[in-house]
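Since the structure is predicted, the reported quantities are computational estimates derived from the model, not experimental observations. Residue numbers start from 1 in every chain, and the chains themselves are labelled A, B, ... in the order their sequence lines are given, proteins ahead of strands.
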Number of protein chains: 2
Amino acid sequence: MATQTAAQRREAAKAAYDAFLACCPARQLLDTISDKWVTLILAALSDGPKRYSELSRIIAGVSQKMLTQSLRTLERDGLVSRTVTPRVPVRVDYELTTLGRGLQEIMGTMKRWAERNIEEVHAARAAYDTRENSPAGRAAAG
Amino acid sequence: MATQTAAQRREAAKAAYDAFLACCPARQLLDTISDKWVTLILAALSDGPKRYSELSRIIAGVSQKMLTQSLRTLERDGLVSRTVTPRVPVRVDYELTTLGRGLQEIMGTMKRWAERNIEEVHAARAAYDTRENSPAGRAAAG
DNA sequence: CGGGATCCATCGTGATACTG
DNA sequence: CAGTATCACGATGGATCCCG
């Protein structure tokens, strides 16, 4: 029972870590906002309620599967409210909740930081990519 | 040329949107920090430099492929610095850069917001899941 | 108009094995 | 010890069909 102990320990550690992460509010938030469409929906709703078809048009590249799926997630998390008007053609409006607007502010904070520092990141990338091509000086640079 | 115009328009719109998103600093930031391992590495490095094996042990559940891959991304983006000491057993240290520490602060902001509001999200989810099971009152609730 | 269900392509992710 | 290359799998996203 000594041969695969390493793998088993790793597996156990992974399980413990996953459990830890699952409980971490920050990770849950990240999992939510890291979704490409969620962020776009939030942004689209920032200037008032929108209908399903409006969102579909504004966000453009989204498939209705992802749009519906993302909206349901947002609704479930209490970030947007869903209002159904059972007319002849059904009408559904989506709107940011107070919680959703709070999340928007966080996104705004992130956005500002990103805009202030993106150039530095790009510069770092360019430098890194340049070094990558130079024949010597990578390992011996330190 | 009228049959598949809709699909083509959608495709074009998608392409335009993708291009727009690719230029958006906020999205680039999100793409970076939404990575599960990247955030963990950042957190692990927050209290000083660490060696590769140390990181591997601290983060536990990570495979060395993902660890290396994430570290390279972070290095390329100028968020962590990589120092090689060419001894007999090679020694490599990773450390947060100034830019990396700045990112950490953003993560801290997010973390605090998440911790303050996660309960509300959980409550919303519970309420949503309860409604889901009730026989009537979903569509007619509004 | 809004959206549920299904099938399918893609890709990120991880385990394994090998190098220096 | 640190890192790369290969292979396999599962999750995710998208197109399509169909219903209320």
Open item on the list: On a heavy-atom basis, which atom in A:Ile58 and which in A:Ala44 lie closest, and how many Å separate them?
Closed with: CG2-CB, 4.2 Å
Open item on the list: Expressed as a whole number of angstroms, how long is the span from A:Tyr52:OH to D:dG20:C1'?
Closed with: 15 Å
Task: Selected nucleotide, minimal atom distance to B:Gln64 side chain, candidates C:dG2, D:dG14, D:dG3 - done: D:dG3
TODO: Please indicate whether A:Lys111 has more than 12 foreign heavy atoms, meaning atoms of other residues, nucleotides or ligands, lying under 6.0 Å from its NZ.
DONE: no
Open item on the list: Without decimals, in angstroms, what is the distance between B:Asp35 CG and C:dG14 C1'?
Closed with: 14 Å
Open item on the list: From CG of A:Leu67 over to P of C:dA5, roughly how many Å is that when rounded to an integer?
Closed with: 16 Å
- [ ] Find the distance A:Arg57:CZ to C:dC1:P and express it as a whole number of Å.
- [x] 9 Å
Task: Separation of atom NZ in A:Lys65 from atom P in C:dG4, rounded to whole Å - done: 12 Å
Open item on the list: In this structure, how many angstroms lie between the P atom of D:dT12 and the NZ atom of B:Lys36, rounded?
Closed with: 12 Å
TODO: Kindly say if A:Ser53 contacts the phosphate of C:dG2, meaning a side-chain N or O under 4.0 Å from OP1 or OP2.
DONE: yes
- [ ] Would you please test B:Arg27 and A:Thr39 for side chain to side chain contact (heavy atoms under 4.5 Å, CB included) and show each step?
- [x] CA-CA 9 Å; B:Arg27 172 111 309 269; A:Thr39 52; 3.1 Å; yes
Open item on the list: Rounded to whole Å, please give me the gap between CH2 in B:Trp37 and P in C:dG12.
Closed with: 16 Å
Open item on the list: As an exercise, state the distance from NZ of B:Lys50 to CG of B:Leu71, rounded to the nearest 0.5 Å.
Closed with: 13.0 Å
- [ ] Verify the contact: side-chain N or O of A:Arg51 to OP1 or OP2 of C:dC1, cut-off strictly under 4.0 Å; return yes or no.
- [x] no
TODO: Quick one: label A:Arg87 by what it contacts on the DNA or RNA (base, sugar-phosphate, nothing), any heavy atom closer than 4.0 Å.
DONE: nothing
- [ ] Return the 5'-most residue of the pair A:Met66, A:Val90 with respect to DNA chain D, ranking by each residue's nearest nucleotide.
- [x] A:Met66
Open item on the list: How many whole angstroms separate atom CD of A:Gln69 from atom P of D:dG14?
Closed with: 9 Å
TODO: Check B:Arg51 against B:Val90 and note the closest heavy-atom contact, atom names and distance.
DONE: NH2-O, 4.1 Å
Open item on the list: C:dG3, OP1 or OP2 - any side-chain N/O from A:Arg82 closer than 4.0 Å?
Closed with: yes
